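Notes for the one structure printed next.
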Amino acid sequence: FAGEANGDSRFEGCLADASCELRQRDASGGETYNKNMGGIVGLVNLINLADTDGVMEFVDCTNAAKIVVSKNWNDGVSGVGGIIGFVTQSENNKGISQAGLLVDGCVNLADFDNTYDGSASVTLGGVVGSVNTMNAAFCPRVEILHCSNYGRLGSELRLVYYVGGILGHYNLASLRMDGCVNYGTV
């Protein structure tokens, strides 16, 4: 649905169906160095929210599109997730330290085909790949509630640093997870 989302956004009832396949491609159809991939959004940047209590929401979204992780990303931590690839909050958020992300009732049905053989670290999460803010002073509230993963998270895990059925990795965030279940193979 989106490569990047920021500001006051709400994704509700979105469906990436099984007829789709998510793969890194450039405009000519060749493979490219995209860093973050998600069934609904690749990168969520918790900036430009209307107020200090602003929350970006993903509610009742489903991904059934296969996610193919195959290209060598050449720098930084990359996030790949069934719903969201990577969540960050950059320092230009003008002091908003209580911004939030709500992921509620989301489901990943798709398998991850991981033949990644690059040198950078990659995180895989059935629902969210990685939550990693840039500075402890900008510590967002992240809630992942009533979500599930049924997808297989790759059979050939090469240079994948973190893998989780629901969340692959988090750092410098206030995290609450409740009512989540992983049925997929990790």
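For clarity, every value in this text was computed on a predicted model and none was experimentally measured.
One finds the CG atom of Leu102 at 8.0 Å from the CZ atom of Arg10 (value rounded to the nearest 0.5 Å). In this structure, the separation between CG on Leu15 and OG1 on Thr62 is 6.0 Å, given to the nearest 0.5 Å. Leu46 contributes atom CG, which lies 8.0 Å from atom OG1 of Thr88 (distance to the nearest 0.5 angstrom). Leu101 contributes atom CG, which lies 11.5 Å from atom CG of Asn45 (distance to the nearest 0.5 angstrom). Between the CG atom of Asn149 and the CG atom of Asp111 there is a distance of 9.0 Å, given to the nearest 0.5 Å. For the atom pair CD1 of Ile166 and OG of Ser148, the computed distance is 6.5 Å after rounding to the nearest 0.5 Å.
Across all non-hydrogen atoms, the minimal contact from Met56 to Asn6 is CE-CA, 3.4 Å. A pairwise comparison of heavy atoms in Ala16 and Gly39 identifies CB-O, 3.7 Å as the closest pair. Closest approach of Val41 to Leu43, counting heavy atoms only: CG1-O, 3.3 Å. Closest of all the heavy-atom pairs between Cys147 and Ile144 is SG-CG2, 3.9 Å. Minimum interatomic distance between Gly13 and Cys61 (heavy atoms only, all atoms of both residues): N-SG, 4.1 Å.
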May I have the step-by-step check of side chain to side chain contact (heavy atoms under 4.5 Å, CB included) for Val142 and Val128, ending in yes or no?
CA-CA 11 Å; Val142 175; Val128 178; over 6 Å; no
Asp178 and Glu143: side chain to side chain contact (heavy atoms under 4.5 Å, CB included), yes or no, with the steps?
CA-CA 8 Å; Asp178 189 28; Glu143 293 183 296; over 6 Å; no
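Legend: residues meeting side-chain contact (heavy atoms from CB on, under 4.5 Å) with Asn171, ordered by chain and number and at least two apart, are Asn132, His169. Take Glu4 and apply the salt bridge (charged side-chain N to carboxylate O under 4.0 Å, His left out) test, not counting sequence neighbours, and it matches no residue.
Put simply, the residue from Asn63, Ile83, Leu145 that forms a side-chain contact (heavy atoms from CB on, under 4.5 Å) with Cys106 is Ile83.
Met177 and Phe58 fall within a single hydrophobic cluster, where Ile, Leu, Val, Met, Phe, Trp and Tyr side chains are chained together by heavy-atom contacts under 4.5 Å.
Ile84 is listed as a side-chain neighbour of Val103, based on a closest heavy-atom distance under 4.5 Å.
Through direct or indirect side-chain contacts shorter than 4.5 Å among Ile, Leu, Val, Met, Phe, Trp and Tyr, Leu109 is connected to Val107, Tyr150, Val181, Tyr183.
Asn108 places no side-chain N or O within donor-acceptor distance of the main-chain N or O of Val127, the cut-off being under 3.5 Å.
Taking a 6.0 Å sphere around CZ of Phe11, one finds it holds more than 12 heavy atoms contributed by other residues, nucleotides or ligands.
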